[in-house]
Chemist: 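Structure provided below as structure tokens; questions to follow.
By convention in this document, chain letters (A, B, ...) are assigned in the order of the sequence lines, proteins followed by strands, and residues within each chain are numbered from 1. What you see is a predicted model; the values in this text were computed from it and never measured.
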Amino acid sequence: MSTNIYVGNLAFSTDSAGLKAAFAPFGDVKDAQVIADRDTGRSRGFGFVEMTSDEEARKAIAELDGSTIDGRQIKVNIAKERSR
DNA sequence: GTTGAGCGTT
């Protein structure tokens, strides 16, 4: 099992690697992805991070929500279910 | 070569 995290208000210059780099210090990041427009390939300004440890995920959220990455104050929360 | 609310493609 793992914890899925929503990250919003990302700078358009932030990519999946940048996202992972931000969360990695707080625990094991299973996967990180910035959602890009499927047609243009450009960032949509938000993404998701999946962490293997639920407690580390919560700590990362607490530490990173409202923090600044690439000049933008990001929004971090537990993600909703993808199949909506 | 731009922009700014948002919960995603497989």
Side-chain angles (χ1 to χ4, degrees):
Chain A
M1 205 35 197
S2 53
T3 303
N4 216 33
I5 306 167
Y6 163 79
V7 187
N9 203 45
L10 291 171
F12 294 121
S13 57
T14 303
D15 58 6
S16 297
L19 241 198
K20 182 170 183 177
F23 280 77
F26 297 94
D28 185 40
V29 178
K30 187 176 182 181
D31 186 47
Q33 51 178 92
V34 167
I35 304 306
D37 186 278
R38 199 176 62 72
D39 301 311
T40 67
R42 280 166 211 147
S43 172
R44 289 175 63 182
F46 73 97
F48 294 90
V49 176
E50 198 174 354
M51 297 191 73
T52 55
S53 167
D54 177 63
E55 48 189 314
E56 290 177 343
R58 274 184 248 152
K59 182 175 171 85
I61 291 170
E63 293 295 321
L64 293 172
D65 186 29
S67 70
T68 300
I69 294 183
D70 291 332
R72 282 305 193 219
Q73 199 175 73
I74 67 173
K75 200 161 118 53
V76 186
N77 256 305
I78 299 291
K80 297 175 187 168
E81 196 176 347
R82 198 196 322 175
S83 308
R84 254 190 318 148

Chemist: I need the CD-C1' distance between A/Glu81 and B/dC7, as an integer number of Å.
Modeler: 12 Å
Chemist: Provide, to the nearest angstrom, the distance between the CG atom belonging to A/Asn77 and the P atom belonging to B/dC7.
Modeler: 11 Å
Chemist: In whole Å, what is the span from the CG atom of A/Asp65 to the C1' atom of B/dC7?
Modeler: 14 Å
Chemist: Please report, rounded to the nearest Å, how far the P atom of B/dT10 is from the CG atom of A/Asp39.
Modeler: 13 Å
Chemist: Taking any heavy-atom pair under 4.0 Å as a contact, classify A/Ile78: base, sugar-phosphate, or nothing.
Modeler: base
Chemist: Side-chain contact test, heavy atoms from C-beta onward, threshold under 4.5 Å: evaluate it for A/Lys75 versus A/Asp65 and give yes or no.
Modeler: yes
Chemist: Which is more 5' along DNA chain B, the nucleotide nearest A/Ala11 or the one nearest A/Ile35? Just name the residue.
Modeler: A/Ala11
Chemist: Without decimals, in angstroms, what is the distance between A/Ile69 CD1 and B/dG4 P?
Modeler: 21 Å
Chemist: From CZ of A/Arg72 over to P of B/dG6, roughly how many Å is that when rounded to an integer?
Modeler: 15 Å
Chemist: Output yes when at least one side-chain N/O atom of A/Arg44 is less than 4.0 Å from OP1 or OP2 of B/dT9, else no.
Modeler: yes
Chemist: Please answer: with hydrophobic residues joined when any side-chain heavy atoms are less than 4.5 Å apart, are A/Val76 and A/Tyr6 in the same cluster?
Modeler: no
Chemist: Can A/Ile35 be reached from A/Ile78 by stepping across I, L, V, M, F, W or Y side chains whose heavy atoms are under 4.5 Å apart?
Modeler: no
Chemist: If hydrophobic clusters are built from ILVMFWY residues whose side chains come within less than 4.5 Å, do A/Val7 and A/Ile69 share one?
Modeler: yes
Chemist: Let me know the distance between CD1 of A/Ile5 and P of B/dG6, rounded to the nearest Å.
Modeler: 20 Å
Chemist: Is A/Phe46 stacked on the base of B/dG6 when the test is centres under 5.5 angstrom and planes under 30 degrees?
Modeler: no
Chemist: Please figure out whether A/Arg38 or A/Arg42 has its closest DNA chain B nucleotide nearer the 5' end.
Modeler: A/Arg42
Chemist: Select base, sugar-phosphate, or nothing to describe what A/Gly8 touches, counting heavy atoms under 4.0 Å on all strands.
Modeler: nothing
Chemist: Send over the distance from A/Lys30 NZ to B/dG8 P, rounded to a whole Å.
Modeler: 20 Å
Chemist: The side chain of A/Phe12 is closest to which nucleotide in this list: B/dC7, B/dT9, B/dG6?
Modeler: B/dG6
Chemist: Would you say that A/Ile74 contacts A/Ser67 through its side chain, given a criterion of any heavy-atom pair below 4.5 Å between the two side chains?
Modeler: yes
Chemist: Going by centres under 5.5 angstrom and planes under 30 degrees, do the aromatic ring of A/Phe48 and the base ring of B/dC7 stack?
Modeler: no
